[in-house]
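Beneath this line is the structure, given in structure tokens, with notes to follow.
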Protein chains: 2
Amino acid sequence: MAISSQHTIRNNLLSRLRADDRAAILAALDRVELKRKDVLAQPNEPLTHVHFLETGVASVVVGTRDRRRIEVGIIGSEGATGLPLLFDVDSTPHETFIQIEGEALRMSKDAFIGLIEQRPAFRRLMMRYAHIFQLFTAQTALSHGSYTLEERLARWLLMCHDRVEKDEFPITHEFLSVMLGVHRPGVTTTIHILEGAGTIRARRSHIEIVDRPKLELIAGDSYGIPEAEYRRLITDDVALG
Amino acid sequence: MAISSQHTIRNNLLSRLRADDRAAILAALDRVELKRKDVLAQPNEPLTHVHFLETGVASVVVGTRDRRRIEVGIIGSEGATGLPLLFDVDSTPHETFIQIEGEALRMSKDAFIGLIEQRPAFRRLMMRYAHIFQLFTAQTALSHGSYTLEERLARWLLMCHDRVEKDEFPITHEFLSVMLGVHRPGVTTTIHILEGAGTIRARRSHIEIVDRPKLELIAGDSYGIPEAEYRRLITDDVALG
DNA sequence: AACTTTACGTGCGTAATCGTACATCTGACT
DNA sequence: AGTCAGATGTACGATTACGCACGTAAAGTT
């Protein structure tokens, strides 16, 4: 019911904490498996847990009554789900589910709210992360409004690549079409374009990143702004450590 | 250098505070004029103030080196600028400027940070607002990915209408094209469609809302989700008052 | 091995929006 | 009243993506 050994922690937020804060927080965490399509947060249902991802990728999507859905956030070992709880909000219209299976360190809502109060450094860290999460959503809005499908797909693959250890990960065109808010055949065609350019290799339900620099070139300015801010505000800030 | 009389406050966040919290906060505010195109936050420059808008509308836009820009947030008397300061972040890549002139109650960065610490109710209120601001950005991402220009324009006009007192407000097609991330002639054409449907009336540099219900019909599900959450979490929550 | 499900490939007419160019109009300023 | 910059109106080919329909192919199931 609690995580003791420190060296097993792969979540980058938790690893930024001072030893005493980290110890207090680890005591409230337990490790859980995350399977593909597992739902971590139902829209408009009370949030029960915060998940600090260790491996794998989760997606936050917004949907409407008229069936439209689109991804507005992506979470890996650099972040956590359940941010509304940080904001004194019990539920959100957004849905969070597992895109690529993995593991997470889970904390109950009550424990999280308590630790946020008791550990200012933890609260500040989470708030900084929340800021960057907002930047990701904003960048997604920009991407959908201003970039082509090819650029957006390149961006998404880069973001996913940032969050998994390997160069290959399981993902279907169907899922990608929801993530990017386009129809499925469009994804297939665009994947072939990226594949033809030698940047990726696609198999059934899998995509492998072959030439990341070239992929970054294709994504252009649709990729990079929130990533740079994450490094500036979390990875590189010694004051947090 | 401070706001005394209570009945002059039109900002909806400030008016949700308990009397004692509000008094402490008003003491740190002063009233400023906001002219069209005034910049409240330069991208990547240190934030100096938080602005609680009384009248008028501000826009938050994200831009890239390759000159693309798009609105990712809109702020009126329901909200405030400078949210990164709430998140322990000194600057952001986003730019905030005045879209429709008005007035604001301004607080210095240091005063804001101090009051956030000293007044938990104030902090919780601001965090709830930050959550809803995030929903707005997410809804914008959805809109750009899934709705037509006509629907998105209708949505924007509704959001603007929510934030001004009158049915008419000054706005140019040029500005709208940046807000919506489309080219300017497209805005002109789409305005004519909305005008032809009898929902708005357009003059040089001005748009008047004539038939709001019909505009809501056109906007469809692109409009409404964050607005409903604002009502649930801020307007209707007596626990905050 | 037959069957079923899930995922991928492809084509094509249609719609939306872009990109660009240019004409016109309005209000402010001199 | 004349001038001018900013704002708006219009046109049109090019591009992108949609919407559907249908075919194929790979993995799991019995």
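We name chains A, B, ... by the order of the sequence lines, and we start the count at 1 in each one.
- The residues B/D167 and B/R201 are annotated as not salt-bridged, no charged nitrogen and carboxylate oxygen being separated by less than 4.0 angstrom.
- Rounded to a whole Å, the NE2 atom of B/H144 is 17 Å from the P atom of C/dA16.
- Residues from residues 189-202 of chain A placing a heavy atom under 4.0 Å of any atom in DNA chain D do not occur.
- In this pair, A/F87 and B/H131 present their aromatic rings tilted. The plane angle is within the 30 to 60° band.
- For B/G145 and B/T188, each mapped to the nucleotide of DNA chain D holding its nearest heavy atom, the one lying further toward the 5' end belongs to B/T188.
- Here the C1' atom of nucleotide C/dG9 and the CZ atom of A/R203 are 17 Å apart, to the nearest Å.
- Contact between the side-chain N/O atoms of A/H173 and the OP1/OP2 oxygens of C/dA7 is not found at any separation under 4.0 Å.
- A/R212 has a carboxylate O that lies under 4.0 Å from a charged side-chain N of A/E216, or vice versa, which qualifies the two as a salt bridge.
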>> Between B/C160 and B/I100, is the side chain to side chain contact (heavy atoms under 4.5 Å, CB included) condition met? List the steps.
In response: CA-CA 9 Å; B/C160 197; B/I100 296 175; 3.4 Å; yes
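- A donor-acceptor contact under 3.5 angstrom links the side-chain atoms of B/R184 to the base of D/dG9.
- For the pair A/L153 CG and C/dC8 C1', the computed distance is 15 Å after rounding to whole Å.
- Rounding to whole angstrom units, CZ of residue A/R152 and P of D/dA17 are separated by 7 Å.
- The side chain of B/T172 lies closest to D/dA7, out of D/dA7, C/dT17, C/dT10.
- Of the side-chain N and O atoms in A/H183, none sit less than 4.0 angstrom from OP1 or OP2 of D/dG19.
- With salt bridges taken as basic N to acidic carboxylate O contacts below 4.0 Å, none links B/R67 and A/D221.
- To the nearest 0.5 Å, the span separating CZ on A/R163 from CG on A/N12 amounts to 11.0 Å.
- Taking atom CG of residue B/L149 and atom P of nucleotide D/dC18, one finds them 15 Å apart after rounding to whole Å.
- Although no hydrogens or angles enter the test, the distance criterion places a donor-acceptor pair under 3.5 Å between the side chain of B/R68 and the main chain of A/S146.
- In this structure, B/Y147 atom OH and C/dT17 atom P are separated by 14 Å, rounded to whole Å.
- Here C/dA28 presents its P atom at 13 Å from CZ of B/R36, a figure rounded to the nearest Å.
- With hydrogens and angles left out, the side chain of B/R204 and the base of D/dG6 share a donor-acceptor pair within 3.5 Å.
- Residue B/E150 contributes atom CD, which lies 15 Å from atom P of C/dA15 at whole-angstrom precision.
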